[in-house]
Amino acid sequence: MPEASGREHEIVVYGATGFTGALTAEYLARNAPGLRWALAGRNPTKLEAVRARLAEIDPSLDSLDLIEASMDDPAALKAMAASTQVVITTVGPYLKYGEPVVAACAAAGTDYVDLTGEPEFVDRMWLGYHDEAVKSGARLVHSCGFDSIPHDLGALFTVNQLPEGVPLKVEGFVRVGGTFSGGTYHSAVNAMARLRQARQAANDRKRAEARPKGRSVGGIVGPPRRANGGWAVPMPTIDPQVVLRSAAALERYGPEFRYGHYLTVKRLPMAAGLVAGTGTLVALAQLPPTRNLLLKLKDPGDGPTPEERDKAWFKVRFVGQAADNGAKVICDVRGGDPGYGETSKMLGETALSLARDDLPETSGQVTTAAALGQALIDRLETAGIRFTRVE
């Protein structure tokens with residue numbers, strides 16, 4: 001959508017006064033000179049404070065546009081969406097706060113970017129707004145942070161190293177060092193409390209969504225096992241769902257594609273503790289009293305310090321194999337602080353790519369691999385996230 005379209009802004013950052021929203025705004029301030037953009041949120045005083053901090057990075061931003069828009073004001077959200085080519089929203093948990101922004105973007109033909117890791121939200125937004133976005137031309141791109149860009153684009157990068165037109169198998173092994181914010185914690189606890197509703201939304205989508213013709217796409221499941229220099233524990237996150245949706249959308253993944261997704265830990269007791277701890281959290285999240293106690297452990301606005309973020313890192317190793325001739329490749333995706341430093345980078349570069357790059361013709365709810373593909377990989381490599389073929 002070029003400047004000639006008449007949109008006042010290329011990008012609007014909605015939720016710019018929150019922890020990740022402010023980091024994303026700072027990333028754009030440092031890395032996108034000349035960008036036509038704005039900050040949006042419900043509190044004008046807090047927005048002015050964020051703008052003042054950005055002006056310390058780039059003095060020209062002392063006049064950056066501010067847009068007051070609350071989740072309970074559809075008219076304001078509609079005007080915000082109509083003013084820009086792309087909306088980045090960092091306001092979560094998305095099940096609670098996300099739908100009004102999706103609705104506004106789908107109606108206005110405005111591209112939408114978020115960092116949700118909530119499968120139920122993504123499925124409900126597909127059911128509610130995919131068709132409308134197809135008609136308006138909007139691209140609704142969810143999970144554009146550590147959930148799930150390294151995994152989605154890493155799988156695509158790996159597939160592109162393998163032969164075409166043959167069955168493929170890819171497994172991703174995740175290692176991370178770092179902490180997480182209160183907002184991420186609250187989203188996870190609330191998602192655990194809604195497993196039944198999430199299954200229902202997933203089943204409703206499965207019945208309504210067309211499957212790839214003449215091709216087969218599926219996940220790999222199994223118990224923890226020794227792999228990749230440690231113990232691989234299946235990760236029941238949104239990431240493998242995103243990878244498989246990219247595989248369903250793109251023929252390059254072959255006539256039959258299988259994907260497995262794992263967290264790698266060093267020792268078996270750590271793997272057992274991780275499984276047990278996750279089960280305990282899920283059980284506690286089912287009852288309101290214990291769920292409320294869990295939510296009180298961390299405030300939604302809390303986040304790691306700059307020193308903690310500087311020490312954080314991630315690496316995802318992908319092992320890909322072709323069924324016809326046994327061709328095998330190993331690829332890595334590496335970066336720094338996964339939850340915040342790199343997530344704000346991923347959000348910013350996704351939005352910049354949607355606003356400025358020559359991309360495939362897509363619309364509706366789409367994944368990063370399907371909508372942006374190599375263009376976003378190139379941007380992220382330039383920004384310091386490494387995609388490497390190891391062997």
Side-chain angles (χ1 to χ4, degrees), residues 111-119 121-123 125-126 130 133-134 138-174 202 205-206 209-221 235-262 316-322 329 331 333 346-347 349-350 353-354 357 359-381 385 387:
D111 293 334
Y112 167 98
V113 172
D114 69 24
L115 50 76
T116 187
E118 303 164 55
F121 172 74
V122 173
D123 288 339
M125 295 308 96
W126 187 92
H130 172 74
V134 169
R139 293 169 287 191
L140 309 178
V141 194
H142 299 284
S143 306
C144 297
F146 185 66
D147 285 330
S148 295
I149 279 182
H151 318 105
D152 190 29
L153 294 186
L156 174 65
F157 180 84
T158 304
V159 165
N160 284 338
Q161 316 302 312
L162 290 164
E164 294 188 49
V166 299
L168 302 177
K169 171 186 172 182
V170 176
E171 293 183 295
F173 300 90
V174 184
R205 176 173 180 172
K206 186 176 181 180
E209 189 171 18
R211 300 180 184 181
K213 294 181 179 180
R215 300 172 56 236
S216 172
V217 172
I220 301 170
V221 295
M235 288 183 71
T237 60
I238 197 172
D239 307 315
Q241 298 178 27
V242 174
V243 171
L244 292 174
R245 284 176 182 141
S246 294
L250 299 172
E251 291 191 5
R252 180 61 181 87
Y253 287 69
E256 180 181 320
F257 179 80
R258 296 292 179 265
Y259 180 72
H261 192 66
Y262 312 89
V316 189
R317 170 150 290 185
F318 295 90
V319 179
Q321 192 161 4
V329 299
C331 301
V333 181
M346 295 174 205
L347 282 169
E349 293 296 345
T350 300
S353 186
L354 287 168
D357 291 346
L359 300 173
E361 290 289 335
T362 58
S363 61
Q365 190 184 106
V366 286
T367 65
T368 52
L372 301 108
Q374 189 62 45
L376 184 53
I377 291 174
D378 292 343
R379 281 184 168 273
L380 294 175
E381 287 197 301
I385 296 176
F387 292 73

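Note that this is a predicted model, so its numbers are computed, not measured.
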| query | So, for Leu359 and Ser353, which heavy atoms are closest and what is the spacing to 0.1 Å? | reply | CD1-O, 3.5 Å
| query | Between Pro236, Ser148, Ser246, Pro119, which is the residue that forms a side chain to side chain contact (heavy atoms under 4.5 Å, CB included) with Gln241? | reply | Pro119
| field | Under 3.5 Å: donor-acceptor pair, side chain of Thr367, backbone of Ala370 | value | yes
| task | Give a yes or no answer on whether the side chain of Arg205 reaches the backbone of Met125 with a donor-acceptor pair at less than 3.5 Å. | result | no
| said: Could you tell me if the side chain of Val316 sits less than 4.5 Å from the side chain of His151, heavy atoms only? | reply: yes
| request: Could you tell me whether the side chain of His261 and the main chain of Met235 form a donor-acceptor pair under 3.5 Å? | output: no
| message | Quick one: does any side-chain atom of Ser143 pair with a main-chain N or O of Thr116 as donor and acceptor, under 3.5 Å? | response | yes
| request: Indicate the ring-plane relationship of Tyr262 and Phe173, choosing parallel, tilted or perpendicular according to the 30° and 60° boundaries. | output: parallel
| remark: One should read off an interatomic distance between Tyr259 OH and Asp239 CG, to the nearest 0.5 angstrom, of 7.0 Å
| task | Name all residues meeting the side chain to side chain contact (heavy atoms under 4.5 Å, CB included) criterion together with Ile385; count only those two or more places apart in sequence or in a different chain, and write none if there are none. | result | Phe314, Val333, Glu342, Lys345, Met346, Leu380, Phe387
| Nearest heavy-atom pair of Asp152 and Ala369: which atoms, and what distance? | OD2-N, 3.0 Å
| request: Please report the closest heavy-atom contact between Ala155 and Tyr253, naming both atoms and the distance. | output: C-OH, 4.4 Å
| Where the side chain of Arg379 meets the backbone of Thr350, is there a donor-acceptor pair that is under 3.5 Å apart? | no
Which atom pairs, one a donor and one an acceptor, fall under 3.5 Å between side chains of residues 159-169 and the rest of the protein, sequence neighbours left out?
{"unit_1": "Asn160", "atom_1": "ND2", "unit_2": "Leu156", "atom_2": "O", "d": "3.4"}
{"unit_1": "Gln161", "atom_1": "NE2", "unit_2": "Phe157", "atom_2": "O", "d": "2.9"}

| Phe146 and Val174: CA distance, side-chain angles, deciding distance, side-chain contact (heavy atoms from CB on, under 4.5 Å) verdict | CA-CA 11 Å; Phe146 185 66; Val174 184; 4.1 Å; yes
| field | Leu250 CG to Arg215 CZ distance, which is reported to the nearest 0.5 Å | value | 7.5 Å
| request: Sequence neighbours left out, what pairs pass salt bridge (charged side-chain N to carboxylate O under 4.0 Å, His left out) with at least one residue falling in residues 243-260? | output: Asp123-Arg245
| CD of Glu171 to CZ of Arg317: how many Å apart, nearest 0.5 Å? | 13.5 Å
| note | In short, Thr158 meets Cys331 closest at the heavy-atom pair OG1-CB, 3.5 Å
| said: Could you tell me if the side chain of Asp147 sits less than 4.5 Å from the side chain of Leu115, heavy atoms only? | reply: no
| field | Nearest atoms (heavy-atom pairs only) where Pro212 meets Val217 | value | CG-CG2, 4.5 Å
| query | Can you check whether Phe257 reaches Val243 side chain to side chain, under 4.5 Å on heavy atoms? | reply | yes
| query | Picking from Val134, Leu372, Thr362, what satisfies side chain to side chain contact (heavy atoms under 4.5 Å, CB included) with Arg139? | reply | Thr362
| remark: Output for pair (Leu140 CG, His130 NE2), nearest 0.5 Å, gives 9.0 Å
| Within-4.5 Å side-chain heavy-atom neighbours: Asp111 and Val141 | no
| said: Before we go on, tell me: are the rings of His142 and Tyr112 under 6.0 Å apart, centre to centre? | reply: yes
| task | State the SG-CD1 distance between Cys144 and Ile149, to the nearest 0.5 angstrom. | result | 5.0 Å
